[in-house]
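Read the structure below first, then the notes.
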Amino acid sequence: MIGFFDRLARPLLRAFDPEDAHSFAIKGLKLAPRFPRRSDDPRLAVRAFGLNFPNPIGIAPGFDKHAEVPDALLRLGFGFVEIGTVTPLPQAGNPRPRIFRLEPDEAVINRLGFNSAGEAVVLSRLAARAEQGGIVGVNVGANKESPDRTADYIRLIEAVAPVASYVTVNISSPNTPGLRSMQQASVLDDLLARVVETRDRVKARAGDTPVLLKIAPDVTLSELDDIVGIARAREIDGMIVGNTTIGRPPFLKDRVTSKEAGGLSGKPLFALSTRMLAETYVRVEGAFPLVGVGGIDSGEAALAKIRAGADVLQLYSALVFKGLGLIADIKRELVDALDRGDAPALSDLVGADAASVTAEPWPN
Ligand SMILES: Cc1cc2nc3c(=O)[nH]c(=O)nc-3n(C[C@H](O)[C@H](O)[C@H](O)COP(=O)(O)O)c2cc1C
């Protein structure tokens, strides 16, 4: 069923402006029949951040920014969904066009700038589906015009904790001016101290809500030393590596579109984001699990991320080019790897290649 609609819809959607195509996809998912979720091979189950993932493949934030279709996405076979980025107040984001496809590169550039329906709308949607189960994380961000960005994160964690499986503190979007400077040690230490204090304070009424930090793949290794050091000292629950890159690898084929401002995602992000994942893994030394994201478009790429240090994975851009059938393909390839005898369980592969990846020449 999925395969049929997918093959039909994909060429049609690709004929539209990327943001219009995305709106059609969301509308389609809202109307999709509510067939029951097929259960996953039990060997794909992963436990991380105190949560039980039926499989390690999640949909990255940016696809369902306003929590319109989390349950449809879970029914499609994702092991978890991260909605957002959500800001406290609604905001429009940057003027259109602001999403661009680089077809020959299987890449996307976006400069959406945290277009958000805002906390109140998203909260009511999540509250309405709270009994549905499934892992739904909430990615939170600051309003562009906020006088106190740290306060925005704190307020959002307090608000969403009762309806979120986990919360991601996103300080790595390249499209809100100055946001990524919150990754600097002095700002980050204060932010994470308050984030963790909030997580612990809301526990009594909201239960355990793991808090993850999503970083940019563009930080330097000495910045990464500081970030991981602070994350460990403040005892956050995990990190997501990472967001889109402001870099433009020299091998990009679409020389015209690649000049658009914004964050690059998809296949050309794979090497850099996987290197940063491995660099993070060796610094974290098992203190908390990692989410690997950036350019995953096959079972092979998913396995490489796990071997570089990820317990669970997220993807977005490859869906644009490969369609929804990709989720089942990746899960099948992960099971095949276990059948082949790569390891008894996926968890045995986590970080197996981290040291060797960090020894390779720096990727373009
Ligand atoms: C159109 C678009 C919108 C995005 N919006 C967000 C966002 O709101 N918050 C966020 O943390 N990441 C956002 N991302 C980044 C993705 O979550 C992910 O980190 C990145 O795209 C790399 O994964 P991919 O190569 O599989 O797409 C967005 C990505 C795209 C392509």
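First listed ligand is number 1; within each ligand, the first listed atom is number 1.
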Say whether Asn110, considering both its backbone and side-chain N or O atoms, lies within less than 3.5 Å of an N or O atom on ligand 1.
no
Only heavy atoms of Asn139, strictly under 4.0 Å: list the atoms of ligand 1 that pass.
10 (C), 11 (O)
Side chain or backbone, does Lys214 bring an N or O within less than 3.5 Å of an N or O on ligand 1?
yes
Residue pairs meeting side-chain hydrogen bond (donor to acceptor under 3.5 Å, both in side chains), one or both in residues 150-159, sequence neighbours left out, come to Glu119-Arg155, Ser146-Asp152, Glu158-Arg201
Provide the number and element of each atom of ligand 1 under 4.0 Å from a heavy atom of Leu112.
1 (C), 3 (C)
Among Phe80, Phe78, Tyr166, which residue satisfies the ring-ring contact (aromatic ring centres under 6.0 Å, His included) criterion with Phe53?
Phe80
Is the shortest N/O to N/O distance between Asn170 and ligand 1 below 3.5 Å?
yes
Residue part near ligand 1, for Thr168, under 4.0 Å between non-hydrogen atoms
neither
So which heavy atom in the protein is nearest atom 26 (O) of ligand 1, and how far is it from that ligand atom?
Tyr316 N, 3.0 Å
Minimum heavy-atom distance between Gly263 and Pro174, given as atom pair plus value
CA-CG, 3.9 Å
Measure the distance from atom 4 (C) of ligand 1 to every protein heavy atom, then report the residue, atom name and distance (to 0.1 Å) of the closest one.
Gly62 CA, 3.5 Å
Within the structure, does Ile99 bring an N/O atom to less than 3.5 angstrom of an N/O atom in ligand 1?
no
Side-chain (Lys305) to main-chain (Gly294) donor-acceptor, under 3.5 angstrom:
yes
Using 4.0 Å as the upper bound for N to carboxylate O, is an ion pair formed by Glu360 and Arg275?
no
Tell me whether Pro61 has any N or O atom under 3.5 angstrom from an N or O of ligand 1.
yes
Would you mind checking which non-hydrogen protein atom is closest to atom 27 (O) of ligand 1, with the distance to 0.1 Å?
Ser317 OG, 2.6 Å
From Ile171, Val169, Leu224, residue fulfilling side chain to side chain contact (heavy atoms under 4.5 Å, CB included) relative to Ile215
Leu224
Does CZ in Arg340 sit with more than 12 non-hydrogen atoms of other residues, nucleotides or ligands closer than 6.0 Å?
yes
Pairs touching residues 205-215 that satisfy side-chain hydrogen bond (donor to acceptor under 3.5 Å, both in side chains), sequence neighbours left out
Lys203-Asp208
Looking at atom 9 (N) of ligand 1, what's its closest protein heavy atom, distance included?
Thr85 OG1, 2.7 Å
Top protein contact for atom 21 (O) of ligand 1, by heavy-atom distance:
Ser265 CB, 3.2 Å
Gap between atom CD1 of Ile157 and atom CD of Glu197 - 0.5 Å precision:
10.0 Å
Enumerated ligand 1 atoms positioned under 4.0 Å from heavy atoms of Gly84:
8 (O)
Indicate the atoms forming the closest heavy-atom contact of Ala164 with Val138, along with that distance.
CB-CG2, 3.6 Å
Quick check on the 6.0 Å ring-centre criterion: do His22 and Phe16 meet it?
no
Option of least heavy-atom distance to atom 23 (O) of ligand 1 (set: Val293, Ile109, Val169)
Val293
Has ligand 1 got any nitrogen or oxygen that is less than 3.5 angstrom from a nitrogen or oxygen of Leu315?
no
Could you say whether the N/O atoms of Leu269 and ligand 1 ever approach to under 3.5 Å?
no
Any Gly141 heavy atom less than 4.0 Å to ligand 1
no
Main-chain N/O of Arg283 paired to Arg232 side chain as donor or acceptor, under 3.5 Å
yes
Just let me know how Asn243 lines up against ligand 1, side chain, backbone, both or neither, with a heavy-atom cut-off below 4.0 Å.
both
May I ask you to list the atoms of ligand 1 that are less than 4.0 angstrom from any heavy atom of Gly294?
22 (C), 23 (O), 25 (O)
As an exercise, identify every atom of ligand 1 less than 4.0 angstrom from a heavy atom of Gly295.
24 (P), 25 (O), 26 (O)
For ligand 1, indicate whether the residue Lys65 contacts it via side chain, backbone, both or neither (heavy-atom separation under 4.0 Å).
side chain
Would you say Val241 and Leu264 are hydrophobically clustered, going by side-chain heavy atoms of ILVMFWY under 4.5 Å?
no
Is it true that Ala318 lies under 4.0 Å from ligand 1, counting heavy atoms only?
no
